[in-house]
Amino acid sequence: MVFRRASSEIAWSCDACGDEGVIHGWDGSPADMSGLDHSYAQGDVVTLVIVRELFDVIRGVLLLDDASELLVARAEGSAAGVVLNGRTGAFEELMEYVASEANAETDRRRVRLLDEACSALEAALAVE
C-alpha cells in the first residue's frame, strides 16, 4: 500500500510481510510526475483491467506523452490484474505509442505482447 502525505512524503507498507517505510526527497526527481499535464485528454472515463504481463510491456514503452505516462503511472493492482483508469483520449494516445513501439521492435515475442496490449486497449475503447 502506498500513501502520499501532505508533507510530500510517500509512506508505504507491505500487507504480505509487514515491512514499511517512508520515502523523502523525491520532489523534482525523474519520478515526480506532479508537473505533468493530462488536461488535454478528452472523452469519457474508461477502466481497463489488463493482465500483468501486458501491463509490464506497456510500462516498458519508453516514449509516452504526459497523459499516457500518467495513465500508466496511476495504474493499480487488483486480484484480476492491473487496473488502468483514464479518459478515452489518454487511452487512444497510449495505444498509438504502443503500436509505434511494436512497429519498431525486432524481438518477435515482444512484438506479439505489444500487439496484444494494443488489442486490449482497443477493446477497452470499443466498450465505451
Q) At what distance, to the nearest 0.5 angstrom, does OH of Tyr97 lie from CG of Leu71? A) 12.5 Å
Q: Only counting residues at least two apart or in another chain, list the ones meeting side-chain contact (heavy atoms from CB on, under 4.5 Å) with Thr106.
A: none
Q | Residue pair Ala117 / Val98: nearest heavy atoms and the distance that separates them | A | CB-CG1, 4.2 Å
Q. Taking only residues two or more places apart in sequence or in another chain, which ones pass salt bridge (Lys or Arg N to Asp or Glu O under 4.0 Å) with Arg52?
A. Asp56
Q: Give, for atom CG of Leu63 and atom CD of Glu96, the distance between the pair rounded to the nearest 0.5 Å.
A: 11.5 Å
Q: Quick one: name the residues clustered hydrophobically with Leu62, using the 4.5 Å side-chain heavy-atom rule over I, L, V, M, F, W, Y, and just say none if it's on its own.
A: none
Q. Which residues satisfy the side-chain contact (heavy atoms from CB on, under 4.5 Å) test with Ala75, sequence neighbours excluded?
A. Phe55, Val82, Leu84
**Q.** Closest approach of Val46 to Ala124 (non-hydrogen atoms, all atoms of both residues)
**A.** CG1-O, 3.8 Å
Q) Can you name the nearest heavy-atom pair linking Leu54 to Val57, along with the distance? A) O-CG1, 3.0 Å
(Q) Could you work out, with side-chain contact (heavy atoms from CB on, under 4.5 Å) as the rule, every residue matching Asp107, not counting sequence neighbours? (A) Glu105, Arg109, Arg110
Q | Short side-chain donor-acceptor distance under 3.5 Å, Asp65 and Ser68 | A | yes
Q.
Nearest 0.5 angstrom please: Met95 CE to Leu125 CG, how far?
A. 5.0 Å
Q. CD1/Ile58 to CD/Glu101 distance, rounded to the nearest 0.5 angstrom?
A. 11.0 Å
Q.
What I'd like to find out is whether the side chain of Leu48 reaches to under 4.5 Å of the side chain of Val83, using heavy atoms alone.
A. no
**Q.** Side-chain heavy-atom pair Val61, Val72 within 4.5 angstrom cut-off
**A.** no
Q.
Quick one, Gln42 and Arg87 - any side-chain contact, counting heavy atoms below 4.5 Å?
A. no
**Q.** Distance-only donor-acceptor check, side chains Thr88 and Asp44, under 3.5 Å
**A.** no
Q. How many angstroms lie between atom CG of Leu94 and atom CG of Leu70, to the nearest 0.5 angstrom?
A. 11.5 Å
Q: Using the test side-chain contact (heavy atoms from CB on, under 4.5 Å), find all partners of Ala102 that sit at least two apart in sequence or belong to another chain.
A: Leu114, Asp115
